[in-house]
Amino acid sequence: MLRLYDTQTREVRDFVPLVEGKAGLYVCGLTVQSEPHVGHVRSAVNFDVLQRWLRHEGYDVSFIRNTTDIDDKILAKAEEQGRPWYNLAYDMKRELDRAYASLNVMPPTYEPAATGHVPEMLELITRLIEAGHAYPAEDGSGDVYFDVQSWPAYGELTHQRIDDMEAAGDADPRGKRDPRDFALWKGKKASEPETASWPSPWGRGRPGWHIECSAMAGKYLGSAFDIHGGGVDLRFPHHENEVAQSRAAGQRFASYWMHNAWITTAGEKMSKSLGNSLLIPEVLKRVRGIELRFYLVAAHYRSHVEFSFEALDEAAQGFRRIEGFLERAGEEEAGEVPQAFADAMDDDLGTPAAVAVLFDTVREGNRSGDPAPYAAQVRAMLDVLGLDPADPAWPDAQKTDAGLSDVVDALLSGLLAQRSEARAAKDFATADAIRDQIAAAGIEVEDTPDGPVWSLSQKDA
RNA sequence: GGUGGGUUGGCCGAGAGGCGAGGCAACGGACUGCAAAUCCGUGUACACGGGUUCAAAUCCCGUACCCACCUCCA
């Protein structure tokens, strides 16, 4: 039985889907305003593992992950860079897709963008106004606000009382009835481009941040769905506001709320504004995508991770042990996952314990005369974690091209034969020189009972 | 000020009064001409100070520190 930690109830609860055998997930994706960093990708990997585990357990999964492609920052940045906001958003979206692909993050069932769902948002906002939970600003700005005082349950997700909350620092309070009211719709400002506005009953404008998720979750998953996820920072205000406006509009909304923790560097969270982000292409110069993913998966999703290249390198080294085992075991179809692994995953996605089972199985496989059954288990576990090296979803650059492999084989055969002769003659100086020469080309040679075996060195870069 | 989460050996992490969870890394040994790979072995770690107890990482009191959110944030 899968058990998940629910942010709202603050406890690990049995996962009981609304409809047996089905799971509806909505995860807040990114605002595409800059290059993705390790923290962004952690969230995606964490929820990817959730999706994979649910599928493995036989659930029919609907996984919706949105993209916020319009907001203040996108507009400001685009302006600064002198290009259209939609071009910036699209560019960054493609960067993000590349990052996801390099980490074997499965595509969601659908990835809706905010700008594609303005009609749905307008419908929702209209309903909220009619229900007395929202109002157009009285200052003629064209803004529409959610009226937090009209919704007694406001604060239910994060267990806060309205009176304890600080008012928004940024928003000018002129048009608001309560400083904590938040924007559902933002009236177009004269300084903003025409392309960044849509017609509405309250004049041209653009979506507020939170409303998109309520609208899109409702459209694709229905008024009630199983799991809503995102980073911890989104609990408040984003998710709190989402619940408020969704429930006020008559939707039941999510049954479980899951939030992944941060990755920090030098004790500080990575942030676009702090400028201490570890961008994915940079990190991938050091380790392969599969190794970065392993590093992320080896930590529990609710634990704060202090990123370090040392830890990343150690994780990568550990992962190569698993890969080496699979290579030696040969092609083996994925089999069943060990019970201990399933137990770990069922316990709120206990990936650290699951990874331990993975290594235990590798050791047993190495110890046994017949590694095949163990390899099948290992493949099955890696598959759940999105870490199967043989998964064709990994970008081609990470795999050794089969044709190229034959070429290298042919080129090396002469050298390896010479080396074998030298070794047979106990001329180890020559043998080692040949091995060094090959190593200089980035290829490692290992002597096995069946003769020398070469592989591309993975310890450089 | 409000709301949460933390602090267990280099890293990831269980455990919720008693018999040193586990995994990775590191180190040592075996194997090897040497390596590599593999196997075997090795760590008394629980933020600090008091207390309760025959016994405390676990309970009590106090303290420190870290992190996050409070309307840009994964």
Side-chain angles (χ1 to χ4, degrees), chain A residues 7 10 27-31 33-34 36-47 68 71-74 76 155 158-161 163-171 179-183 208-210 229-238 240-241 259-264 267-274 294-295 297-300 302-306 308 310-322 324-325 327-328 340 344 347 350-360 362-363 366-367 423 426-429 431-432 435 439 444-449 452-453 455:
Chain A
T7 306
R10 295 175 180 165
V27 172
C28 286
L30 294 188
T31 299
Q33 49 118 341
S34 60
H37 57 59
V38 176
H40 296 133
V41 140
R42 177 188 195 185
S43 180
V45 167
N46 287 157
F47 287 106
T68 301
D71 85 322
D72 294 356
K73 279 222 158 166
I74 292 175
T158 53
H159 308 272
Q160 300 183 85
R161 294 178 317 156
D163 294 340
D164 292 334
M165 295 177 194
E166 286 178 9
D170 65 334
R180 284 150 294 216
D181 289 351
F182 56 92
W209 176 32
H210 319 292
V232 276
D233 56 311
L234 296 180
R235 283 178 312 193
F236 191 91
H238 186 53
E240 190 70 76
N241 291 352
H259 292 98
N260 65 276
W262 296 101
I263 293 187
T264 56
E268 286 192 308
K269 72 172 179 173
M270 283 177 210
S271 124
K272 297 159 185 172
S273 43
L274 286 176
F294 177 75
Y295 174 65
V297 165
H300 188 83
R302 282 195 287 122
S303 306
H304 159 235
V305 168
E306 168 67 19
S308 83
E310 291 69 30
L312 180 63
D313 289 342
E314 286 182 11
Q317 204 171 330
F319 187 71
R320 285 184 207 125
R321 185 173 141 79
I322 299 170
F325 168 70
E327 279 162 23
R328 271 175 271 119
D347 183 14
T351 51
V355 166
V357 175
L358 190 50
F359 280 108
D360 286 341
V362 166
R363 181 177 304 105
N366 279 325
R367 201 155 36 189
R423 290 184 71 214
K426 303 234 185 283
D427 179 3
F428 297 120
D432 289 349
R435 186 167 60 190
E444 287 175 358
V445 174
E446 296 175 20
D447 296 314
T448 75
V453 170
S455 59

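Quick caveat, the model's predicted, so the values are computed rather than measured. Lettering follows sequence order; numbering is per chain, from 1.
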Residue closer to the 5' end of RNA chain B, A:S43 versus A:A183 (nearest nucleotide): A:A183

Pairing partner (Watson-Crick or G-U wobble, both distances under 3.5 angstrom) of B:C39: B:G29

Partner set under side-chain hydrogen bond (donor to acceptor under 3.5 Å, both in side chains) for A:E314, not counting sequence neighbours: none

Spacing of the C1' atoms in B:U42 and B:A35 (rounded, Å): 23 Å

Protein-nucleotide distance (A:F294, atom CZ; B:C11, atom P), rounded to Å: 17 Å

Listed nucleotide nearest any side-chain atom of A:D233, set B:G22, B:A74, B:A35: B:A74

Assigned partner base of B:C69, Watson-Crick or wobble definition, under 3.5 Å: B:G2

Nucleotide paired to B:G18 in any strand shown, Watson-Crick or G-U, under 3.5 Å: B:C54

B:C60 to B:G6 separation - P atoms, rounded to the nearest Å: 16 Å

Length of the line joining A:F325:CZ and B:C39:C1', which is rounded to integer Å: 14 Å

Considering all heavy atoms, the nearest A:A299-A:P352 contact: C-CG, 4.1 Å

OP1 or OP2 of B:A68 under 4.0 Å from side-chain N/O of A:R302: no

Distance, P atom - from B:A47 to B:U58, rounded to whole angstrom: 8 Å

Phosphate OP1/OP2 of B:C39 contacted by A:N366 side-chain N/O (<4.0 Å): yes

C1' spacing across the pair B:A57 / B:A21, given as an integer number of angstrom: 13 Å

Donor-acceptor pair between A:Q33 and A:T31 side chains, under 3.5 angstrom: no

Counter-base of B:C24, judged by Watson-Crick or G-U geometry with both distances under 3.5 Å: B:G10

Pairwise C1' distance, B:C65 and B:C46 [rounded to whole Å]: 16 Å

For atom CH2 of A:W262 and atom P of B:C67, their distance in whole Å: 14 Å

Touch class at under 4.0 angstrom, heavy-atom based, for A:G324 against every strand present: nothing

side-chain contact (heavy atoms from CB on, under 4.5 Å) partner of A:I263, the single match among A:H37, A:R42, A:H304: A:R42

Phosphate-side-chain proximity, A:R328 and B:A37, N/O vs OP1/OP2 below 4.0 Å: no

Parallel, tilted or perpendicular: ring planes of A:F359 versus A:F294, cut at 30 and 60 degrees: perpendicular

Under-4.0 Å side-chain N/O to phosphate OP1/OP2 contact, A:R180 with B:U71: no

Most 5' of A:D71 and A:V232 on RNA chain B, judged by nearest nucleotide: A:V232

Gap between atoms CG and C1', on A:D181 and B:C70 respectively (whole Å): 15 Å

Interatomic distance, A:D72 CG vs B:C72 P [rounded to whole Å]: 8 Å

For A:R423, all residues meeting side-chain hydrogen bond (donor to acceptor under 3.5 Å, both in side chains), sequence neighbours excluded: A:D447

Whole-angstrom distance between B:U52 and B:C59, as gauged at atom C1': 8 Å

Complementary nucleotide of B:A47, counting Watson-Crick and G-U pairs under 3.5 Å: B:U63

Of the listed nucleotides B:G4, B:C39, B:U71, the one nearest the side chain of A:R363: B:C39

C1' gap between B:A16 and B:U8, integer Å: 13 Å

Footprint string (nucleotides 25-33 of chain B, 5' to 3'): B base within contact, S backbone only, - free, heavy atoms under 4.0 Å: SS------B

Atom pair distance, as rounded to whole Å: CD in A:Q160 and P in B:C70: 10 Å

Nucleotide opposite B:A74 in a Watson-Crick or G-U pair, distances under 3.5 Å: none

Where A:S43 and A:G231 come nearest, the two heavy atoms and their spacing: OG-N, 4.5 Å

Pairwise C1' distance for B:C67 and B:C24, with rounding to whole Å: 25 Å

Non-hydrogen atoms of A:V357 and A:A340 that approach each other most closely: CG2-CB, 3.8 Å

side-chain hydrogen bond (donor to acceptor under 3.5 Å, both in side chains) involving A:D427 - partner list, sequence neighbours excluded: A:T430

Contact check, side chains of A:N366 and A:R328, non-hydrogen atoms, under 4.5 Å: yes

Nearest-neighbour nucleotide for the A:D360 side chain, B:C11, B:A74, B:G22 considered: B:G22

d(CG, A:N260; P, B:A74) in whole Å: 11 Å

4.5 Å side-chain heavy-atom contact, A:R321 and A:R363: yes

Partner set under ring-ring contact (aromatic ring centres under 6.0 Å, His included) for A:H300, not counting sequence neighbours: none

A:A311, nearest nucleotide to its side chain (from B:C11, B:A74, B:G23): B:C11

Sugar-phosphate only, base, or nothing, as touched by A:L234 at under 4.0 Å among non-hydrogen atoms: sugar-phosphate

What's touching nucleotides 12-15 of chain B from the protein side, N or O pairs under 3.5 Å?
| residue | atom | partner | partner atom | Å |
| --- | --- | --- | --- | --- |
| B:C12 | O2' | A:A298 | O | 2.6 |
| B:G13 | OP1 | A:H300 | N | 3.1 |
| B:G13 | OP1 | A:S303 | OG | 2.8 |

Separation of B:C70 C1' from A:N241 CG (nearest whole Å): 11 Å

